[in-house]
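Input: a single structure, listed below in structure tokens.
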Amino acid sequence: MSAKWTAADIPDQSGRVAIVTGANSGLGYDTAALLAGKGAHVVMAVRNLDKGNEALQRIQGTHPNAQVDLQELDLSSLDNTRKAAEAIRSAYPRIDLLINNAGVMYVPSREATSDGFEMQFGTNHLGHFALTGLLLDNLIGVDGSRVVTVSSVGHRIIAKIHFDDLNWERSYNRVKAYGQSKLANLMFTYELQRRLAAKGAPTVALAAHPGFSDTELMRHLPGFIPDSLWKVVAQPAEMGALPTLRAATDPGAQGGQYYGPDGIGEAKGNPKVVASSAQSHDEAIQRRLWTVSEELTGVIFPV
């Protein structure tokens, strides 16, 4: 392996089934494309099937022999998430990789999911929490299987999970609401890893963040950040996808690790193991968030 981990270091993925949420654009697209190019059977789980089909065709145009399927998935709807999970469970009894990548960021005004949750918390955390719980039986028992959830340096924006107002109904702050959802992603990963290890399952849970990556997710950046400045500090989506891909494929990666860019402030660069906030490691809060998430989604994990 080279000193700097790159896409060339992704091992052969032949025979592996990878579910990638939000795979029609940005980080998800590059993640799906690189996995497919390495031989994985990739399932692109997307909200917009038209855009998903265009992305699938782009991948197959570059990799004519790639095995790529499309699955509708709207993480802002628990009903749709359940239907998607049922279809995936039936079609793919063996799942090697579940990459929880899809997300929304800095929604300008408070919006709610179809189930009444604040959009960022409901989509980024609760949607992926539910999907993972519904698919976990198809991962457990598969040697080398992994759940990789994409977080963000934005998890440091907020010091705690606001259990007294999870849905930001009293006072909406789009930046803090996003930070809470990304902190929840990390706490979910660490608690899931602990539960998997206690069960003795061969499945592991890891997290990653893309640094500052130039994707559609950035369309709602605060107005005080000019586009010209963002273009200077951001890295291309294909680089932002590398921490996720390393967490998903590096034979040396271990459960509970968190990957991000190796540059200054973890803004850009090649992937390495990075640290997350002290709050993200609070086991009591992780367990509380897990219990609340099971109650809100109605999804009970088999671990």
Side-chain angles (χ1 to χ4, degrees), residues 19-22 45 73 75-76 78 81 85 95 97-105 113 115 117-137 139-140 145-158 160-163 166-167 177-199 201 203-210 243-244 247-248 253-260 274-303:
I19 316 297
V20 183
T21 70
L73 170 66
L75 290 162
S76 69
L78 289 176
T81 299
I95 298 175
L97 293 174
L98 171 59
I99 299 181
N100 293 323
N101 162 82
V104 291
M105 179 180 181
T113 68
D115 303 283
F117 307 124
E118 187 275 319
M119 185 62 71
Q120 296 176 98
F121 185 73
T123 301
N124 299 351
H125 170 60
L126 292 177
H128 280 126
F129 179 93
L131 181 69
T132 303
L134 293 166
L135 295 181
L136 199 56
D137 277 334
L139 287 119
I140 292 177
S145 58
R146 302 182 186 186
V147 177
V148 179
T149 301
V150 179
S151 183
S152 167
V153 291
H155 83 274
R156 296 180 181 275
I157 293 170
I158 192 165
K160 64 179 181 178
I161 301 292
H162 287 267
F163 289 104
L166 279 174
N167 291 305
Y178 175 72
Q180 175 176 262
S181 74
K182 295 288 105 178
L183 176 58
N185 285 153
L186 276 170
M187 301 186 96
F188 163 60
T189 295
Y190 297 149
E191 178 67 16
L192 176 59
Q193 171 58 26
R194 190 162 49 251
R195 288 169 177 252
L196 289 166
K199 188 180 178 68
T203 308
V204 294
L206 305 93
H209 81 79
T244 298
Q254 300 175 15
Q257 288 183 325
Y258 179 40
Y259 285 86
V274 295
S276 61
S277 68
Q279 169 72 6
S280 69
H281 291 286
D282 188 317
E283 294 185 12
I285 301 300
Q286 291 168 11
R287 289 192 292 270
R288 183 180 178 187
L289 177 64
W290 187 282
T291 299
V292 169
S293 299
E294 285 192 330
E295 292 172 351
L296 292 175
T297 62
V299 174
I300 307 300
F301 278 60
V303 294

Inset, instruction - Let me see the working for F117 and T123 under side chain to side chain contact (heavy atoms under 4.5 Å, CB included), right down to the final yes or no. - result: CA-CA 8 Å; F117 307 124; T123 301; over 6 Å; no

Legend entry - Side chain N124, main chain Y178, donor-acceptor under 3.5 Å: no

Inset, instruction - Measure from NZ or CZ of R195 to the centre of the six-membered ring of W290 and say whether it is under 6.0 Å with the direction within 45° of the ring axis. - result: yes

Legend entry - Under the side chain to side chain contact (heavy atoms under 4.5 Å, CB included) test, residues paired with A102 that sit two or more places apart: T21, L75, H128

Inset, instruction - Over all heavy atoms of both residues, which pair between S76 and T113 is shortest? Give the atoms and the distance, please. - result: O-CB, 3.0 Å

Inset, instruction - Would you mind reporting whether L166 and Q180 have side-chain heavy atoms less than 4.5 Å apart? - result: yes

Inset, instruction - For residues G260 and V274, report the shortest heavy-atom separation together with the two atoms involved. - result: N-CG2, 3.6 Å

Legend entry - Shortest non-hydrogen contact from F129 toward V299: CE2-O, 4.0 Å

Inset, instruction - Under the side chain to side chain donor-acceptor pair (under 3.5 Å) rule, collect the residues that match up with S151, sequence neighbours excluded. - result: none

Inset, instruction - Determine the minimum heavy-atom distance between L98 and T132, stating which atoms define it. - result: CD2-OG1, 3.6 Å

Legend entry - Sequence-distant partners of A248, side chain to side chain contact (heavy atoms under 4.5 Å, CB included), two or more places apart: L97, I99, V148

Inset, instruction - Using side chain to side chain contact (heavy atoms under 4.5 Å, CB included) as the criterion, list what pairs up with H281, not counting sequence neighbours. - result: Y190, S276

Inset, instruction - Tell me, please, which residues at least two apart from S145 pass side chain to side chain donor-acceptor pair (under 3.5 Å). - result: T203

Inset, instruction - Can you tell me which residue pairs pass the salt bridge (charged side-chain N to carboxylate O under 4.0 Å, His left out) test with a partner in residues 284-303, sequence neighbours excluded? - result: E283-R287

Legend entry - By side chain to side chain contact (heavy atoms under 4.5 Å, CB included) - contacts of A253 (at least two apart): R146, L206, D250, Q257, Y259

Legend entry - Separation of L289 CG from I285 CD1 (nearest 0.5 Å): 9.0 Å

Legend entry - Contact summary for M187 and Q279, nearest pair of heavy atoms: CE-O, 3.3 Å

Legend entry - Derivation and outcome, side chain to side chain contact (heavy atoms under 4.5 Å, CB included), residues L131 and L73: CA-CA 10 Å; L131 181 69; L73 170 66; 3.9 Å; yes

Legend entry - M119 CE to L126 CG distance, which is reported to the nearest 0.5 Å: 12.0 Å

Inset, instruction - Please report the closest heavy-atom contact between G255 and V204, naming both atoms and the distance. - result: CA-CB, 3.7 Å

Inset, instruction - Please identify each residue that fulfils side chain to side chain donor-acceptor pair (under 3.5 Å) with T81, with sequence neighbours left out. - result: none

Legend entry - Short side-chain to backbone donor-acceptor contact, K182 and R156, under 3.5 Å: no

Inset, instruction - Working to the nearest 0.5 Å, report the span between CD1 of I158 and OG of S277. - result: 10.5 Å

Inset, instruction - Working to the nearest 0.5 Å, report the span between CG of L186 and OG of S152. - result: 9.0 Å

Legend entry - T297 side, atom OG1; H125 side, atom NE2 - distance, nearest 0.5 Å: 8.0 Å

Inset, instruction - For residues I19 and I95, determine if any side-chain heavy atom of one lies less than 4.5 Å from a side-chain heavy atom of the other. - result: yes

Inset, instruction - Quick one: list whatever passes side chain to side chain donor-acceptor pair (under 3.5 Å) with T149, sequence neighbours left out. - result: N100

Inset, instruction - To the nearest 0.5 Å, tell me how far L296 CG sits from L78 CG. - result: 9.0 Å

